[in-house]
Structures are given as structure tokens and as C-alpha cells.
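First up is the structure itself, then whatever we jot down about it.
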Amino acid sequence: MERYDPQELELKWQAWWEERGMYRAGGPDDPRPKFYALDMFPYPSGDLHMGHAEAFTIGDVIARYRWMRGYNVLHPIGWDAFGLPAENAAIQRGLHPREWTYANIAKQRETLRRLGYSFDWSRAFNTCDPEYYRWTQWLFLRFHERGLAYRKAAPVNWCPSCKTVLANEQVIQGRCERCDTPVTKRELTQWFLKITEYAERLLADLDLLEGWSEKVKTMQRNWIGRSEGADVVFEVEGVGPVTIYTTRPDTLFGATFFVFAPEHPAASALATRAGLEREFRAFLEEVRAETEVERLAVARKKKAFDLRARAINPVNGEAIPVFASDYVLMEYGTGAIMAVPAHDQRDFEFARENGLPIRVVVMPPGGGLDASTMTQAYEGEGTLVNSGPYDGLPSHEGKAAIVRDLQARGLASPAVRYRLRDWLISRQRYWGCPIPIMHCPRCGEVRVPDTELPVVLPEIKEYLPTPEGESPLARAEEWVRVACPSCGGEARRDTDTMDTFVDSSWYFFRYCSPREERPFDPAEVARWMPVDQYTGGIEHAILHLLYSRFFTKALYDMGLVPFTEPFPNLLNQGMVLYGGAAMSKSRGNIVEPREVIEKYGADTLRVTMLFAGPVEADVDWAAVSPEGVKRWLGRLWRTCLQALPRLPAPGTPPRGGSSLRRAVHRTVKEVTEDYETFSYNTAVAKLMSLLGVIQKEVTSAEPADLREALEFLILMLAPMAPHITEELWHRLGHEGSVHEASWPAFDPELAREEEVTLVVQVDGKVRERIRVAPTITAEEAERLALASPRVAQRLQGVRIVRVVCRPPGLVNIVTEGG
RNA sequence: GCCCGGGUGGCGGAACCGGUAGACGCGGGGGACUUAAAAUCCUCUGCCAGCCAGGCGUGUGGGUUCGAGUCCCACCCCGGGCACCA
């Protein structure tokens with residue numbers, strides 16, 4: 001018998017599919033319902049890795065299944081091709097980032113083809129193509145017009161190794177997301193997108209995303225970090241009124257000192273006033289030199305600077321000392337706080353370190369809290385004490401009452417704050433989308449006119465980042481110098497480039513009309529979006545997924561798109577590990593998709609990924625077996641070839657209710673459910689079982705039944721193993737592609753169980769199993785149960801208290817004392 | 001510390017609404033075919049008990065129930081997120 005040779009057969013069908021342009025999305029006249037199946041596009045930092053193979057396999061199964069269910073599917077692919085990682089890798093190899101990037105794209109494209117994915121290649125693009133980033137710039141200008149893109153000087157995250165600033169989202173535990181270098185703070189003028197303006201909507205709309213896991217939604221909620229409290233005004237000696245933010249206005253009477261962030265303008269003003277200018281500058285220097293990692297260290301003394309001034313507590317007129325300290329952040333709240341050491345752990349530590357008084361104002365339910373003996377702050381709720389007229393009120397009532405009374409005096413107002421910061425998008429690096437702004441000495445910031453887009457990334461020899469943090473683009477002197485479109489005078493181009501995440505915040509719109517002379521055709525976007533199923537890794541839970549939601553809402557407000565959420569359904573596949581750890585060069589545990597394909601074929605790789613476990617769970621490649629899958633596909637191959645001579649012509653209707661047909665139809669019912677819920681591992685298990693049944697009957701079954709069985713099995717496997725099923729489908733006598741065939745329909749009558757197992761328990765323990773009809777009555781089931789010799793033996797000499805009967809599956813006989 | 005997940009055989013994992021725990025596969029044992037190997041096929045495989053009968057078993061301890069992997073309470077462990085955010 002002819003052997004199953006995946007290599008030859010897979011290449012053959014891949015060529016055939018391409019020739020036929022099989023996976024092109026249908027045009028506006030296509031009568032089928034649409035389905036937009038989107039996979040997070042790859043980053044071309046090398047060839048495809050196993051993580052990609054898993055993600056794209058899942059996405060491909062989703063897309064192919066929808067085709068077979070009669071949908072018009074949009075399943076696009078492209079490359080997220082600008083950015084730091086590609087640039088760093090290129091520099092390491094002494095290559096131009098463009099060269100390196102496009103070479104990797106070609107390599108990945110080849111591997112994606114070899115894996116047999118059903119992409120609509122006609123829509124492919126790269127975010128580093130001028131035809132794409134032209135529209136990234138166009139969108140930036142729309143943001144700029146609305147004040148959603150702006151420049152400001154702020155203390156920002158700086159990676160000394162990448163020599164660029166980073167967004168908050170790119171700092172992981174105080175370290176650079178890409179190179180793990182401890183991040184420092186720098187005071188720089190940078191471009192931001194005003195994502196904070198959307199904080200409330202980004203938070204509230206999470207509730208609409210029923211197709212997202214709770215995990216990702218929680219991560220976004222944490223990241224946005226909404227808190228409710230009050231702004232309260234303190235009069236600070238020598239400065240005037242200063243607003244602070246607190247979530248605990250009920251503890252106002254416990255404020256025993258006041259703290260400014262070191263960068264707060266009032267802090268340096270007070271230091272100057274106290275004649276401590278030089279000392280303060282040294283203090284500030286010290287604070288700035290500190291890396292984020294050091295600042296977050298657990299057992300660390302908070303830096304303190306006594307500003308020798310008093311602040312007046314508005315609730316009781318008390319004068320309290322004023323400090324500057326690095327534990328107060330300029331970027332959150334107002335950059336100034338009231339300190340309540342008894343009820344805030346940070347304030348408590350600061351008070352202890354600096355010998356400041358501690359006053360209890362909230363008594364916990366048990367009582368007995370004493371400032372002189374407490375070893376940590378009490379942050380819970382309780383009853384107000386030492387709080388003048390508010391004594392005796394529970395915390396939540398005290399909160400409301402204190403704010404209300406202060407508000408009447410114009411000294412407080414309820415306030416909501418978010419942890420989320422504006423998105424820092426400018427980068428001092430070469431390989432990114434240029435910011436389409438000019439700086440004119442007379443007109444200030446001037447937008448590059450739409451007609452002059454794209455602002456093309458200049459060709460320069462020296463594209464390495466500069467140590468001073470100036471963008472390499474600044475070296476392209478001729479490119480930088482331009483005439484101001486508004487006054488005609490000499491202006492200079494902005495020399496920063498955009499964060500890669502800007503590019504990826506709108507690519508899914510572009511796929512709808514990738515060659516459009518606009519960012520996208522609104523009609524095509526309305527036709528395809530929102531995305532029906534988005535598939536990708538959880539590592540983007542707060543970066544890409546938050547930014548894309550923000551972009552979509554901003555575009556909605558501009559009237560450019562008719563919806564506010566781009567991805568109502570999100571599937572986060574797990575990671576691919578090896579031996580319990582991420583694959584990495586340093587560990588030497590990398591398995592490449594290419595080697596697996598060469599050894600086993602693409603179909604085996606795909607099915608192995610799917611069979612390994614639930615899609616959301618990590619796959620440990622060391623613990624799964626392509627061998628087993630390969631064996632099974634071989635068995636399928638041999639069974640089909642063995643059956644072939646016996647089979648009637650295609651289309652011969654099977655009849656009757658043989659056990660084979662019942663097994664087939666039951667499997668169709670269950671596997672269809674599995675496909676709908678992405679339970680591919682159990683779907684594969686059921687297909688394996690079905691092949692076992694078919695194999696047993698391959699020489700004895702009714703020929704028409706056998707044909708039906710094999711065809712349905714092949715159809716159900718087609719989305720997962722597209723090549724072998726295509727081959728077998730043709731060998732079974734079909735002309736067209738198996739992937740253009742319809743998903744099999746089951747006959748409910750045949751899918752119904754003919755016999756079920758009646759379990760007989762005595763006192764909850766299984767004592768007997770009897771095969772019965774599913775229609776059995778309670779009385780009949782009980783009679784059969786009691787008639788069983790093994791059960792009767794158990795029941796000798798004991799009294800039956802009751803019989804629980806749940807036909808057709810269960811009878812439980814409860815005995816006295818049992 | 002707070003918030004999400006999750007703990008089931010030697011391993012990956014099944015188990016609808018509370019109703020046969022361990023589907024399917026890997027690995028392992030035994031056997032067939034073969035001069036031999038590969039490939040393939042058959043068979044056994046949670047633990048204890050020689051077989052049967054039986055007992056024990058889903059992180060730990062309690063509870064609800066005729067019946068709990070599944071529900072409730074307390075705890076332990078693992079993974080992930082957030083965290084000097086006032």
C-alpha cells in the first residue's frame with residue numbers, strides 16, 4: 001500500500017490552493033454572512049517560532065471552520081515591522097534595519113505558507129511600508145487636531161541601554177520590557193496620546209466584552225486603576241492653597257504632616273524660601289539618579305527633605321510640618337499628599353523614620369488601637385475617634401460628612417483618579433514611523449499637510465541611537481530642514497519616531513481595504529468589523545489590547561467608525577514551553593517549527609498543538625507527542641486506502657441506522673459543539689475514537705455507510721489537518737477542495753443513544769452496571785436494579801430506607817445505617 | 001498585601017446541570033507478524049490486595065446532599081497581573 005508521505009503531499013496542495021486563490025475574502029456582493037477571523041500579526045524578529053505556530057494554527061482552524069459553515073471569511077495577515085527589537089537585532093548583526101526586517105518577513109511568509117494557513121495573501125502589508133505608515137501619520141494628525149496628541153515636559157521612563165524613552169506599559173517591574181535594563185527617570189519633552197481622557201470608557205466598556213476572559217479584563221481594570229476620593233485644599237505657608245487627593249477623607253483629623261513630590265514646583269520654592277536651595281538641588285539629584293528598581297525595593301528608607309514650612313489642615317486648623325519625599329509621585333493625583341501615619345502604611349513608615357507624631361482617628365471594630373504601641377498602620381474601616389464633631393461615625397459616613405462640610409466651605413470636592421497615564425509615544429530611535437510635525441520658530445508646532453504625507457523615513461548611514469537621547473533622524477540635516485507651510489520661514493521636522501504600538505493600534509482596520517487611498521474605506525470597515533474572533537497571546541493584555549480599544553473609541557468620536565469596541569471576542573492561547581520553561585537561546589531548548597515540519601509534516605505539527613490541551617493552557621512541547629499524532633494520521637491514511645475499493649460512487653446515500661452510522665452522527669454532533677467552544681483537544685480525541693470504530697468495520701460495513709463515515713471524519717478533520725484531508729477527499733473521488741465542502745450535518749435521530757448504562761449504587765457506591773434503553777421508566781429501572789444478583793446480595797439482611805431513581809442513568813438504594 | 005486563574009494516574013489531559021473519576025493520547029508491561037529490526041496489529045496499565053470479592057483514591061481539613069473532582073466554609077501550594085497610585 002502507498003505510504004503516507006506528508007512532505008510531498010503538503011507542498012502539492014499548498015501550490016494548488018494558491019493557484020486557485022482559495023482564501024480570498026468575498027467582495028461586497030458576497031451573499032454569505034461575514035466572519036472576520038483575526039490573528040495578532042507577527043513581529044519579524046527572526047523566523048517563526050513555536051508560539052506563532054500554535055497561535056496561527058488555532059486562528060486557522062477558526063477561519064477554516066467558518067468557511068465550511070458557509071461564511072464569507074476575512075482571514076488576513078501582515079507584519080508589525082517597525083520598532084526597537086528589529087532595530088536592535090539589525091544593529092547587532094551590522095545590518096540596516098530595513099534589510100533585516102524584510103528578510104525576516106520573507107522567511108516568516110515562507111514558513112506560514114508551509115504550515116498551510118488559509119490567509120488572504122492579497123491583503124498582506126507591513127507597517128514599515130510607506131503606503132501603510134502614511135496613514136499612521138494621517139491618523140496622528142487627526143489626534144493632534146483634537147488635542148489627543150500633545151507634547152509636554154515630564155519625568156519619563158528612560159532605558160539607558162535602548163537609549164530611548166518608554167511608555168509606562170513597557171516598564172515591567174522597573175525594567176525595560178525589551179532588554180530588562182533597570183529604567184531611570186528623565187525630565188524630557190515628549191509626545192503623548194491622551195488615553196487618560198478615555199479612562200472611564202475603557203473601564204466601563206470592559207463589561208460589554210463578554211467574549212473576553214475575566215483574566216484579561218481584570219488586568220485592564222487593574223491597569224486603569226480607578227479610585228474614588230476627594231480633592232482637599234490645604235493652605236501651605238509661603239505657597240498658598242495646595243490641593244491634595246485622598247481616598248480616605250475620613251482620616252483627615254489624623255494628618256500629622258504634609259508631603260510634596262520632589263518635582264513639585266512648590267517644593268523647590270519652599271526650599272529656596274528656607275535658604276536651602278543648594279541642599280534641595282542635591283536632594284533632587286539624588287532622587288533622579290535612583291532607578292525604578294531601587295525606588296521599588298521593599299526594605300528601603302524613604303528619602304526625606306524638611307521644607308521648614310507649615311500646612312494648615314482645613315478640618316481643624318492645625319499647622320503640620322511640610323516635607324518633600326520620593327514616596328510621593330508627581331505623576332499621580334496632585335503630586336502632594338496629606339500624611340496620616342496611623343492609617344497609611346507608607347506614611348507610618350515615614351513617620352517612624354523621621355520621628356513624626358502618629359494619631360489614631362479610626363478605631364477598628366475590636367477597638368484597642370493605640371498610637372504608641374502600633375507596629376503598622378491600620379488601613380481598614382472603623383469608627384471615627386479624635387475627629388471632633390465626627391467622632392462616633394462609621395468610616396463611610398465620616399467620609400461623606402467631612403467632604404460635604406469642607407465642600408460647603410469651598411475646600412474640598414469629590415474626585416475620581418486613575419492610575420493610567422497618558423501614552424508616551426515618541427521614541428529617539430531610527431526604525432519607526434516619523435512624527436509628521438514641524439517646529440517653526442514663529443508658528444510653533446505645525447502639522448505636515450495631509451497632501452505631503454507620507455513623511456518618509458530618511459535614508460541615513462548613522463542610524464545608531466545617540467547616547468544623549470537625541471533621535472538619529474536629527475542627523476539627516478537636509479531632511480530636517482523644511483519650509484514652514486504656514487509662514488514660509490525655516491522650520492525643522494520633529495525627529496522622533498512613534499512607538500511600534502501606534503502602528504499596531506489600527507492595522508485591523510487597514511485589512512478591510514488594504515490598498516485604499518485613505519486609512520480605510522468606511523464602507524468596508526462597516527462590512528467587516530468588528531472582528532468576530534481575535535486570537536493571540538495574553539502578553540498583549542494591557543499593551544496592544546488597551547491601545548487598540550483607545551484608538552477605536554477615538555475614531556468613533558471622530559465619526560470614522562460606527563462602533564466603540566474592535567474585538568468583542570478574544571481568545572488567548574497559552575504559551576509554548578519546553579521542559580516547563582520558555583524556549584530561549586540561553587537555555588538551549590529551542591524547537592523550531594521548521595524542524596518539526598521536516599520531521600513530521602505540517603498537519604502533524606498542527607494537530608499536535610491542538611491535541612495537547614485546552615487552547616488557553618500552555619503547551620509543553622517536551623510533554624506532547626507528535627509521534628502519536630503522526631501514527632494516527634497514518635492510520636487514517638491506511639484505513640481510507642483500504643476502504644477505497646469497496647466504496648460506492650460519491651453521493652451514494654447511506655440508509656438505515658447501523659451502529660457505524662450512529663457512531664458517526666453522534667461524533668458529528670459532539671465535535672461540532674467542540675469546534676464552537678474551541679475545545680479542539682477533545683474534538684481530536686473523539687475523531688480518534690471514531691477512526692477506531694471505522695477501522696473495526698472497514699471490511700464488513702455497508703459500503704455506503706463506510707463512505708459516509710470516512711467522508712464525515714475527513715470533513716471534521718479538515719480545518720485542523722488541511723493537507724491530508726484534501727488528499728484523501730480527492731482520492732475518495734471528489735473534484736473540488738475539501739475546504740470548500742460543507743460541514744457535515746448530523747441526523748438527530750441517529751445521534752441519539754440507543755442504549756445507555758444504568759448505574760446501580762447501594763449507599764452511593766457503584767455495585768452494578770446494566771445496559772438499558774434511554775426511555776426506561778423509573779419503575780422499570782428500580783425493578784432491574786433490585787433484580788441484580790450482586791445488588792440483592794448486598795441487600796440481604798438490611799432495610800431499604802429509600803430508593804433514588806434518576807432514569808435512565810442511575811438508581812441509588814439507600815439502606816438503614818448505610 | 002489586593003485581584004484573577006489553577007491543583008485529577010508515571011506524563012499531556014477527559015468528565016454536560018452534583019449522578020460510572022481517569023475519555024483520548026504519550027510512556028511502560030506482555031504478545032503476534034518478521035531470520036532480525038523498523039513499521040503495523042492485539043492486549044494489559046490509578047493505588048493496595050496473587051485471582052475473585054473488596055478497600056482506598058481528584059492539594060488539606062470540615063460542611064451540605066441519597067450521592068461531591070464539581071456546591072459552601074477555612075487553609076496549603078503553584079501560575080499570572082497590580083502594587084510607595086495617597
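Atom set for the values below is all heavy atoms of this structure, side chains included, hydrogens, waters and symmetry mates excluded. In what follows, every chain begins at residue 1, and chains take the letters A, B, ... in the order their sequences are listed.
At whole-Å resolution of the value, CD in A:Glu349 and P in B:rA86 are 16 Å apart. One can place CG of A:Asp620 at 18 Å from P of B:rC26, the figure rounded to the nearest angstrom. Rounding to whole angstrom units, CG of residue A:Leu610 and C1' of B:rG13 are separated by 14 Å. Summarising the geometry, the separation between CD on A:Glu673 and P on B:rA15 is reported as 12 Å, rounded to the nearest angstrom. In this structure, A:Arg417 places its CZ atom 10 Å from P of B:rA86, rounding to the nearest Å. Between A:Asp763 atom CG and B:rA68 atom C1' the separation is 16 Å, expressed in whole Å. Atom CD of A:Glu627 and atom P of B:rG12 are 19 Å apart (whole Å). Summarising the geometry, the separation between CG on A:Asn572 and P on B:rG79 is reported as 20 Å, rounded to the nearest angstrom.
Salt-bridge check for A:Glu616 with A:Lys215: failed, with every basic side-chain N at 4.0 Å or more from each acidic carboxylate O. The pair A:Asp207-A:Arg221 meets the salt-bridge criterion, since a charged nitrogen lies less than 4.0 angstrom from a carboxylate oxygen. A salt bridge links A:Asp674 with A:Lys686: the closest approach of a Lys/Arg side-chain nitrogen to an acidic carboxylate oxygen falls below 4.0 angstrom. At a threshold of 4.0 Å, the pair A:Glu754-A:Arg752 does not count as salt-bridged, since none of the basic side-chain nitrogens sits closer than that to a carboxylate oxygen. Salt bridge A:Lys302/A:Glu353: absent, no basic N to carboxylate O contact under 4.0 Å. Ion pairing between A:Arg783 and A:Glu780 holds under the 4.0 Å rule for side-chain N and carboxylate O.
B:rG61 and B:rG57 have their P atoms separated by 9 Å, given to the nearest Å. With P as the reference atom, B:rG13 and B:rG7 are 10 Å apart, rounded to whole Å. Comparing the same atom, P, in B:rC11 and in B:rC33 gives a spacing of 35 Å after rounding to whole Å. Taking atom P in both B:rG50 and B:rU43, the straight-line distance is 27 Å, to the nearest Å. Comparing the C1' positions of B:rG22 and B:rG27 gives an interatomic distance of 16 Å, to the nearest angstrom. Rounded to whole Å, the C1' atom of B:rA38 lies 36 Å from the corresponding atom of B:rC47. Only the P atoms considered, B:rA23 is 22 Å distant from B:rC71, to the nearest whole Å. A distance of about 16 Å separates the C1' atoms of B:rG10 and B:rC44, rounded to the whole Å.
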Notebook entry, point to check: Could you run down nucleotides 19-24 of chain B 5' to 3' and tag each one B, S or - for protein heavy-atom contact under 4.0 Å?
Noted result: BBS-BB
Notebook entry, point to check: What is the per-nucleotide protein-contact pattern of nucleotides 39-46 of chain B, from the 5' end, where B denotes a base atom under 4.0 Å from a protein heavy atom, S denotes such proximity for sugar-phosphate atoms only, and - denotes neither?
Noted result: -SS-----
Checklist line | Protein-to-nucleotide contact annotation, 5' to 3' order, nucleotides 1-9 of chain B [B base; S sugar-phosphate only; - none; under 4.0 Å, heavy atom] | finding: --SS-----
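At a threshold of 4.0 angstrom between heavy atoms, the contacts of A:Lys217 with the nucleic acid are absent. Backbone-only contact: A:Gly628 has heavy atoms under 4.0 Å from sugar-phosphate atoms and none from a base. Residue A:Ile538 is out of contact with every strand shown, counting any heavy-atom pair closer than 4.0 Å. Using a 4.0 Å heavy-atom distance criterion, A:Ser227 is classed as a sugar-phosphate-only contact. When heavy atoms are screened at a 4.0 angstrom cut-off, A:Arg226 is found touching no nucleic acid atom at all.
The main-chain N or O of A:Leu202 is found under 3.5 Å from a side-chain atom of A:Arg549 such that the two form a donor-acceptor pair. The backbone N or O of A:Val362 sits nowhere less than 3.5 Å from a side-chain atom of A:Asp250 that would complete a donor-acceptor pair. Side-chain N or O atoms of A:Asn354 include none that pairs as donor or acceptor with a backbone N or O of A:Leu356 at under 3.5 Å. No side-chain donor-acceptor contact under 3.5 Å links A:Asp231 to the backbone of A:Ala415.
Using a 90° window around 0 for the glycosidic torsion, B:rC17 falls inside it and is classed as syn. Using a 90° window around 0 for the glycosidic torsion, B:rG10 falls outside it and is classed as anti.
Closest to the side chain of A:Arg802, out of B:rC66, B:rG13, B:rA86, is B:rC66. Considering only side-chain atoms of A:Thr246, the nucleotide from B:rA86, B:rA14, B:rG12 that sits closest is B:rA86. Considering only side-chain atoms of A:Ala623, the nucleotide from B:rG12, B:rC66, B:rG55 that sits closest is B:rG12.
Nucleotide B:rG5: paired with B:rC78 (Watson-Crick or G-U wobble, both distances less than 3.5 Å). In this structure B:rG54 sits in a base pair with B:rC48, meeting the Watson-Crick or G-U test at under 3.5 Å. Base pairing analysis places B:rC71 opposite B:rG63; the two distances defining the Watson-Crick or G-U wobble pair are each below 3.5 Å. B:rU40: Watson-Crick or G-U partner is B:rA32, with both key distances under 3.5 Å.
Every pair passing salt bridge (Lys or Arg N to Asp or Glu O under 4.0 Å) that includes a residue from residues 789-802 of chain A is listed here, sequence neighbours excluded: A:Glu768-A:Arg790, A:Arg799-A:Glu816.
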Note to self: Before you tell me yes or no, could you show the steps for A:Trp423 and A:Asn168 under side chain to side chain contact (heavy atoms under 4.5 Å, CB included), namely the whole-Å CA-CA distance, both residues' side-chain angles and the distance that decides it to 0.1 Å?
What the structure shows: CA-CA 7 Å; A:Trp423 174 14; A:Asn168 239 5; over 6 Å; no
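A search for ring pair (Phe, Tyr, Trp, His ring centres under 6.0 Å) contacts involving A:Phe712 returns A:His665, not counting sequence neighbours. Checked against ring pair (Phe, Tyr, Trp, His ring centres under 6.0 Å), A:Phe501 has the following partners two or more places apart in sequence or in another chain: A:Tyr547.
Both A:Ile172 and A:Tyr418 lie close to RNA chain B; mapped to their nearest nucleotides by heavy-atom distance, the more 5′-ward contact belongs to A:Ile172. Residue A:Arg419 is the one, among A:Arg419 and A:Glu331, whose nearest nucleotide of RNA chain B lies closer to the 5' end (criterion: closest heavy atom).
Atom OG of A:Ser325 sits about 10.0 Å away from atom NZ of A:Lys301, to the nearest 0.5 Å.
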